[in-house]
Asker: 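I am attaching a structure below and will ask some questions about it afterwards.
Starting from 1, each residue takes its place in the sequence as its number. Computed from heavy atoms alone, side chains included, the values below leave out hydrogens, waters and symmetry copies.
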Amino acid sequence: MKQTCYTYRILRFLFTPLFRLLYHPHVIGSDNVPATGAVILAGNHMHALDPILIDTSTKRIVRTLAKKDLHDGPFGFVFRAVHTIPVDLHSKHNPAALHAAVHALQQGDAVNVSPEAKRNYTEQLLLPFKYGAVVMSARAHAPIIPYAITGTYKPFSGGVTVRFGTPFYASDDLTAANRELYNRIAALLRRSMEPAVLAQKQFTEFDEWSIGHDKTS
């Protein structure tokens, strides 16, 4: 893990000034992220650069759940070097990824997960949520920090914002916990979005999405 920390910190040292120069991100509520100890960062997913935004918004070393295709691709060595956790999006269940994430939390790490599991290109405010984040919280007894990313990654526009919410713990009722996470992220999105953009979005209630959804995924 020491080698992971070393590699991660070097890459963040190199990427952070470039990322800030290009995108001038606005970070709100970063003090809600604890300086130490297990924590799950969970938010919406709108762009491939979202994990870098989260990484550069906190001084924590963050273990991000990333699709397995990235680990197997030409730049897979980078993802493996910083110990992102591979998730097979083509599989209905990802017990290995869940086990790795829970183990990381039990070691006191920060884990970043996108409950939508893929980028949201639709007019929906949020896509259906998978249950990974709340299962991790319940198994590792770790708090969840919801966050919302809004705006655009247009270079030199200063148009991207991440807003971190307050922490909460998943209860044994995973449906209730995932509903709360969904609603908390939706509330953060509504607080951060431009009114004109928000007016174009559709909002589907959690229970409408969750009918028949597998709670172990």
Asker: Would you call Val113 and Ile40 a side-chain contact if the rule is heavy atoms closer than 4.5 Å?
Answerer: yes
Asker: Give a yes or no on whether Phe13 atom CZ has more than 12 heavy-atom contacts from other residues, nucleotides or ligands under 6.0 Å away.
Answerer: no
Asker: Report the C-alpha separation of Gln202 and Leu125 in whole Å, then their side-chain angles, then the decisive distance to 0.1 Å, and conclude whether the side-chain contact (heavy atoms from CB on, under 4.5 Å) test is met.
Answerer: CA-CA 6 Å; Gln202 302 173 20; Leu125 187 66; over 6 Å; no
Asker: If you measure from the Lys or Arg side-chain nitrogens to the Asp or Glu carboxylate oxygens, is any gap between Asp55 and Arg12 under 4.0 Å?
Answerer: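 No.
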Asker: Using atom types as modelled and distance alone, determine if a side-chain donor or acceptor of Ser157 lies under 3.5 Å from a backbone N or O of Gly159.
Answerer: yes
Asker: Ser57 side chain to Leu53 main-chain N or O, any donor-acceptor pair under 3.5 Å?
Answerer: yes
Asker: Side-chain contact test, heavy atoms from C-beta onward, threshold under 4.5 Å: evaluate it for Ile149 versus Val160 and give yes or no.
Answerer: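 Yes, side chains in contact.
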Asker: Are Ser171 and Asp173 linked by a side-chain donor-acceptor pair shorter than 3.5 Å?
Answerer: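 Result is no, nothing qualifies.
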Asker: Please check if the number of heavy atoms outside Gln107 that lie under 6.0 Å from its CD is greater than 12.
Answerer: yes
Asker: Under the ring-ring contact (aromatic ring centres under 6.0 Å, His included) test, which residues partner His47, sequence neighbours left out?
Answerer: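 Applying ring-ring contact (aromatic ring centres under 6.0 Å, His included) to His47 gives Tyr153.
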Asker: Below 30° counts as parallel, above 60° as perpendicular, anything between as tilted: where do the rings of Tyr182 and Phe129 land?
Answerer: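 Because their plane-to-plane angle is over 60°, the rings of Tyr182 and Phe129 count as perpendicular.
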Asker: Testing Glu123, Gln124, Lys118, Arg119 one by one against Tyr121 for a side chain to side chain donor-acceptor pair (under 3.5 Å), which residue passes?
Answerer: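 So the option named by the test is Arg119.
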Asker: Test side-chain contact (heavy atoms from CB on, under 4.5 Å) on Ile54 and Val162; report intermediate values, then the result.
Answerer: CA-CA 8 Å; Ile54 298 304; Val162 57; 3.8 Å; yes
Asker: Would you find a donor on one side and an acceptor on the other, under 3.5 Å apart, between the side chain of Asn94 and the backbone of Ala97?
Answerer: no
Asker: Does atom NE2 (His103) have a neighbourhood of more than 12 heavy atoms from anything else shown, all under 6.0 Å?
Answerer: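 Count not over threshold, so no.
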Asker: For the backbone of Glu116 and the side chain of Ser114, can you confirm whether one donor and one acceptor N or O come within less than 3.5 Å of each other?
Answerer: no
Asker: Keeping Asn183 on the side-chain end and Ala187 on the backbone end, is there a donor-acceptor pair under 3.5 Å?
Answerer: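 No; zero donor-acceptor contacts below 3.5 Å.
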Asker: Side chains of Thr150 and Leu189: does their closest heavy-atom pair fall under 4.5 Å?
Answerer: yes
Asker: Look only at the side chain of Arg63 and the backbone of His83, and say whether a donor-acceptor pair between them is shorter than 3.5 Å.
Answerer: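 Yes; judged by distance alone, with no hydrogens or angles, the pair exists.
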Asker: What pairs with Glu180 under salt bridge (charged side-chain N to carboxylate O under 4.0 Å, His left out), at least two apart in sequence or on another chain?
Answerer: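 Testing Glu180 for salt bridge (charged side-chain N to carboxylate O under 4.0 Å, His left out), a comparison that skips the adjacent residues, returns Arg184.
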Asker: Would you say the rings of Phe15 and Phe19 are close, in the sense that their centroids are separated by under 6.0 Å?
Answerer: no
Asker: What donor-acceptor contacts under 3.5 angstrom involve side-chain atoms of residues 25-38, with partners at least two apart or in another chain?
Answerer:
residue : atom : partner : partner atom : Å
Asn32   : ND2  : Gly29   : O            : 3.4
Asn32   : ND2  : Phe164  : O            : 3.1
Asn32   : ND2  : Gly165  : O            : 3.2

Asker: Is any side-chain heavy atom of Pro143 closer than 4.5 Å to one of Phe168?
Answerer: no
Asker: Keeping Asp50 on the side-chain end and Met46 on the backbone end, is there a donor-acceptor pair under 3.5 Å?
Answerer: yes
